[in-house]
Structures are given as structure tokens and as C-alpha cells.
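Shown next, in C-alpha cells, is the structure this report addresses.
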Amino acid sequence: MENCIFCKIVKGEIPSYTIYENDRIKVFMDINPIAKGHCLVIPKNHYTNLMDIDKDVLREIDEVIKELYPKFKEKLGAEGLTRMQNNELGQEVKHYHMHLIPRYKGDRQEPKVDEEAQKTVAEAFERLT
Ligand code: 5GP
Ligand code: ZN
């Protein structure tokens, strides 16, 4: 697919830090990571998203992720792994990709609740009912 960034990565026209690859799948580091080890799993063939991806490829992507998971634990000390995959809206790159986001203890703080703001919201709802 012309002008697809990830197809260019597959062809080696754009460099990437690749951590796994076989004939059909490639796993490389995200250029804008939200956690240490954040990477992307892509099929080497161009599929746009979940709508058109081949079911066998989808299964193989899962199998690769299952193999990689213990490596994230072993090599990075991750204690969990979040998978995230955008389709159409919210999808920046229109070549199917699964985000793998290693999780570390304490990496997500509890949201800070501003009691005053909560009170304002509650009052607003009271006014509506
Ligand atoms: P989306 O929003 O489509 O689910 O995520 C696209 C992801 O691709 C983003 O996390 C973004 O950082 C990553 N990305 C975009 N361009 C490149 C690139 O040229 N190289 C790499 N390694 N990642 C990219
Ligand atoms: Zn592509």
C-alpha cells in the first residue's frame, strides 16, 4: 500500500526498533511510547482495521502476543500487559495494529478527585432533576 507508514516500515523504507518478526507479523517499538516497552504488532500485509483483517492473521497476532508477554515480564519487569487497538475513529495509522502496553506497579495513579468539583457536579445534577 503506497503512502502507508507501516507498509514502509515492513519494507524497511522507514527504520524501526523491531523486537519480533516472522513472515507475516512484525512487532516494533512505538515512536511515541506511553510506557516503557510500548510497541505495536502489525500484520505485514496491509489491512486497514478489524473490519477487513483476515481471521487467521488475527489469531496469529494473538499467538505472537501470548509468546511475547512473558518476555515483557522477564526483560522489563512488567507485571501486566494492556492491549489496545483502535478502529476508524481514533485510529491515526490506517494499517491494522495492536498496541502492547507493558504495565508496571503503580504506573497509573488513582484519579485525583477534587471534592469541590464533585460537589458542583452533584449540584448541577440536582438542578436538572
Ligand atoms: P493509533 O492512534 O493509530 O492507534 O496509533 C498509531 C501509533 O503509531 C501511535 O502510537 C504512534 O506513536 C505510532 N507511530 C506513528 N508513526 C510511527 C512511525 O513512523 N514509527 C513508529 N515506530 N511508530 C509510529
Ligand atoms: Zn500498510
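Just follow the structure's listing: the first ligand is 1, and inside any ligand the first atom is 1. If you're wondering where the values come from, they're calculated on a predicted model, not measured in any experiment.
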Report task. Could you tell me which atoms of ligand 1, counted from 1 in the order shown, lie closer than 4.0 angstrom to a heavy atom of V93? Result -> 3 (O), 6 (C)

Query raised in the report: Atoms of ligand 1 less than 4.0 Å from N86 heavy atoms?
Result: 1 (P), 2 (O), 4 (O)

Query raised in the report: Among the N, O or S atoms that H95 has, which is closest to the Zn ion (ligand 2)?
Result: ND1

Query raised in the report: Going by the atom numbers of ligand 1, which of them fall below 4.0 Å from some non-hydrogen atom of F28?
Result: 21 (C), 22 (N)

Query raised in the report: Side chain, backbone, both or neither: which part of I5 has a heavy atom under 4.0 Å from ligand 1?
Result: side chain

Query raised in the report: So, does F6 sit close enough to ligand 1 that a heavy atom of it is under 4.0 Å from the ligand?
Result: yes

Report task. Please say whether more than 12 non-hydrogen atoms of neighbouring residues, nucleotides or ligands are located less than 6.0 Å from CE in M1. Result -> no

Query - Under 3.5 Å: N/O of L40 near N/O of ligand 1 - result: no

**Report entry** Option with minimal heavy-atom separation from atom 5 (O) of ligand 1, where the choices are M29, M98, H97
**Finding:** H97

Query raised in the report: Does K11 NZ have over 12 foreign heavy atoms under 6.0 Å away?
Result: yes

**Report entry** Smallest separation among heavy atoms of M29 and H38, with atom names
**Finding:** CE-O, 3.6 Å

Query raised in the report: For T82, does its backbone N or O pair with a side-chain atom of H99 as donor and acceptor, under 3.5 Å?
Result: no

**Report entry** I101 and its side chain to side chain contact (heavy atoms under 4.5 Å, CB included) partner, picked from L81, D107, D30, I34
**Finding:** I34

Query raised in the report: Which atoms of ligand 1 have any heavy atom of I9 under 4.0 Å away?
Result: 20 (N)

Query raised in the report: Side chain of E74, backbone of K71: donor and acceptor closer than 3.5 Å?
Result: no

Query raised in the report: Are the charged groups of R59 and D62 less than 4.0 angstrom apart, N to O?
Result: no

Query raised in the report: Within 45 degrees of the axis of the six-membered ring of Y69 and under 6.0 Å from its centre: does K73 put its NZ or CZ there?
Result: yes

**Report entry** Reported CD-to-CG distance for the pair Q85 and L50, which is rounded to 0.5 angstrom
**Finding:** 5.5 Å

Report summary line: When every non-hydrogen atom of F72 is compared with those of I19, the smallest separation belongs to CZ-CD1, 4.2 Å

Query raised in the report: Would you call P33 a ligand 1 contact, heavy-atom distance under 4.0 Å?
Result: no

Query raised in the report: Which option out of T18, D30, I34 puts a heavy atom nearest to atom 12 (O) of ligand 1?
Result: D30

Requested in this report: Apply ring-ring contact (aromatic ring centres under 6.0 Å, His included) to the pair H97 and H95, showing each step before the final yes or no.
Outcome: CA-CA 6 Å; H97 54 282; H95 179 131; 7.9 Å; no

Report summary line: re atom 23 (N) of ligand 1, the protein heavy-atom contact at minimum distance is I31 N, 3.3 Å

Query raised in the report: Should you measure from each heavy atom of Q91, which atoms of ligand 1 turn up under 4.0 Å away?
Result: 3 (O)

Query raised in the report: Which bit of H99 gets closer than 4.0 Å to ligand 1, counting heavy atoms only: side chain, backbone, both or neither?
Result: side chain

Report summary line: For SG in C4 and ND1 in H46, the angle at the Zn ion (ligand 2) (nearest 10°) is 110°

Query - Shortest reach to atom 2 (O) of ligand 1 by a heavy atom, considering only H95, K94, E92 - result: E92

**Report entry** Contacting atoms of ligand 1, where contact means under 4.0 angstrom from a heavy atom of G90
**Finding:** 2 (O)

